[in-house]
There are 2 protein chains.
Amino acid sequence: MNRNYKAVKKYSSVKCISSKPSEERIKEAARKVFLKKGFDGTTSRDIAEEADMNIALTNYYFRSKEKLFLEIFKDLLNLYFQNTIDILNKDIDFKSKIFETIDHTYEMVSNEPDLCNFIVNEVHRAPERLIPDLNFLRQIRRTKFGEQLKEEIEKGNVRPIGIENIVPMLCGYIQFIFLGKNMHMKIFETNEEQFDAYAKDHKERIKEMIVCYLYNH
Amino acid sequence: MNRNYKAVKKYSSVKCISSKPSEERIKEAARKVFLKKGFDGTTSRDIAEEADMNIALTNYYFRSKEKLFLEIFKDLLNLYFQNTIDILNKDIDFKSKIFETIDHTYEMVSNEPDLCNFIVNEVHRAPERLIPDLNFLRQIRRTKFGEQLKEEIEKGNVRPIGIENIVPMLCGYIQFIFLGKNMHMKIFETNEEQFDAYAKDHKERIKEMIVCYLYNH
DNA sequence: TATAGTTTTAAATGTTTGTTTAAATTATGT
DNA sequence: ACATAATTTAAACAAACATTTAAAACTATA
């Protein structure tokens, strides 16, 4: 008997294709459970149960819970950052880019409500997990948006401000609203629908506030 | 033998005084570990080790890990909200109150760097834990600051905005900066000292931004 | 259809988990 | 000093944990 066929990648990729559905099902289940419960709160059995598969398969395909987590984490880190970086590099004017970045962040956290909490918490608990993706993350420091910002400041249109201050404004402020969603709903006794309306309104306020701050100096 | 003397509170409080140091030591250790690792990431043995005490004592004094957590959680929820509520009820003018609230939030998260992440994450994972403290939390909806805001809006000084929109601006925006501290330090390759300077600068920007937004309409 | 390659399974591995036990120790009131 | 109450201890508990095993069940192909 030879275990870890898949894990050690001993055989041709052609053969592996046949295993794709199972491997994919585990990843999808793991993604779902990790997002909801975090690494510490998730057990291998949770994942197997969610995927409706034998417990041994998670280790057969991914060798360990940690390695499976790191694959999911990498994907989710991409989902969290990649589109934003792309928008910041787009060929549109400065102010539109501000609005689009805020809108995109709002859409992202609306569509994947646990993503923010997951990323923020897992990075906080174990920041060393970021190291393999550091080069990817550092892209945020060198975007077309950064050049545009510099231009606008030099022209005197926009007040002096660094990229490290403005990006959290575009991405973080609306994220915080969703990070504290449950808290907000309890305090203000609202349901999901009412919260969504509130968040949407708040998003527009953030846009106006940032523009107001940048252009009035 | 009679176990759970302390836990079931069968005997006079005079006797219990002698146990205070131990009970307190466990609470302090638990607070420290829970803050750092969260509920799921903390084991009873972590706490006992941190307190340098026998494992059985956590259950002797608090009956279960869950009950011990809920005591800590209650305290930390208070630390997270009480002072802010007090400031919002203070007898100072509207704009000073805005600045003081932001400054206080900044001090709070500086002094207890894990507090924000802890509250945000634990409430997200198990919002039902808030229920015993709901009345306390709802105080935020009825503060002197709310009345002052209404006045300022009626006078036409400040743009129309609800308490549910303005309080997250005062508390949440600076919190987000600290929630993503590790992420920020990795992306921008800064050390603790540099991050603190950045956060302090950003705090002042938030103040100016909010005032700019509220008073220019 | 025989065979080798691959996937899935039930069962077991040794740890670690939260919690409990009963005995040993310390403190208290008289 | 003594009896009783309270605290602390080492050891054990069953359950849950991540992971591994070896055999069984598939699948592809020659």
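Computed from a predicted model, the values in this text were never measured in an experiment. Numbered from 1 within each chain, the chains take letters A, B, ... in sequence-line order.
- In summary, the aromatic rings of B:Tyr213 and A:Tyr213 are positioned with their centroids too far apart to meet the 6.0 Å limit.
- A cation-pi arrangement is absent between B:Lys203 and B:Phe99, since the terminal nitrogen or guanidinium carbon is not both under 6.0 Å from the aromatic centre and inside a 45° cone about the axis.
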*What do the steps show when you test B:Phe176 against B:Tyr173 for ring-ring contact (aromatic ring centres under 6.0 Å, His included), and what is the final call?*
CA-CA 5 Å; B:Phe176 181 83; B:Tyr173 293 176; 9.3 Å; no
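- Rounded to whole Å, atom P of C:dT8 lies 12 Å from atom CZ of A:Phe62.
- Here the P atom of nucleotide C:dT17 and the CG atom of B:Leu68 are 16 Å apart, to the nearest Å.
- One finds a side-chain N or O of B:Ser22 lying less than 4.0 angstrom from the OP1 or OP2 phosphate oxygen of D:dT8.
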*Output, in order, the C-alpha distance, side-chain angles, deciding distance and verdict of ring-ring contact (aromatic ring centres under 6.0 Å, His included) for A:Phe145 and A:Phe94.*
CA-CA 7 Å; A:Phe145 181 77; A:Phe94 182 72; 5.1 Å; yes
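- A:Ser64 comes within 4.0 angstrom of the backbone, heavy atoms only, and of no base.
- We find that CG of A:Asn59 is positioned 14 Å from P of D:dC17, with the value rounded to whole Å.
- Residue pairs meeting the salt bridge (charged side-chain N to carboxylate O under 4.0 Å, His left out) criterion with at least one member in residues 76-89 of chain A: none, sequence neighbours excluded.
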Show me the protein contacts with nucleotides 9-13 of chain D, counting only N or O atoms at under 3.5 Å.
| from | atom 1 | to | atom 2 | distance (Å) |
| --- | --- | --- | --- | --- |
| D:dA10 | N7 | B:Asn54 | ND2 | 3.2 |

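- Side-chain nitrogen and oxygen atoms of B:Thr43 include none within less than 4.0 Å of the OP1 or OP2 phosphate oxygen of C:dT16.
- Between the C1' atom of C:dT7 and the CZ atom of A:Arg25 lies a distance of 12 Å, rounded to the nearest Å.
- Across D:dT19, D:dT7, C:dT8, the shortest atom-to-atom separation from the side chain of A:Tyr61 is found for C:dT8.
- Taking atom CD of residue A:Glu23 and atom C1' of nucleotide C:dT6, one finds them 13 Å apart after rounding to whole Å.
- A:Phe73 and A:Phe118 have tilted rings, their planes meeting at an angle from 30° to 60° on a 0 to 90° scale.
- With rounding to whole Å, B:Asp40 atom CG is found 12 Å from D:dA18 atom P.
- Considering only residues two or more places apart in sequence or on other chains, B:Tyr80 meets the ring pair (Phe, Tyr, Trp, His ring centres under 6.0 Å) condition with none of them.
- One interatomic measurement links the two molecules: NZ of B:Lys37 to P of C:dT16, which rounds to 13 Å at whole-angstrom precision.
- Here C:dG18 presents its P atom at 5 Å from NZ of B:Lys65, a figure rounded to the nearest Å.
- Contact annotation: B:Tyr60 side-chain N/O to D:dT8 OP1/OP2 distance is not under 4.0 Å.
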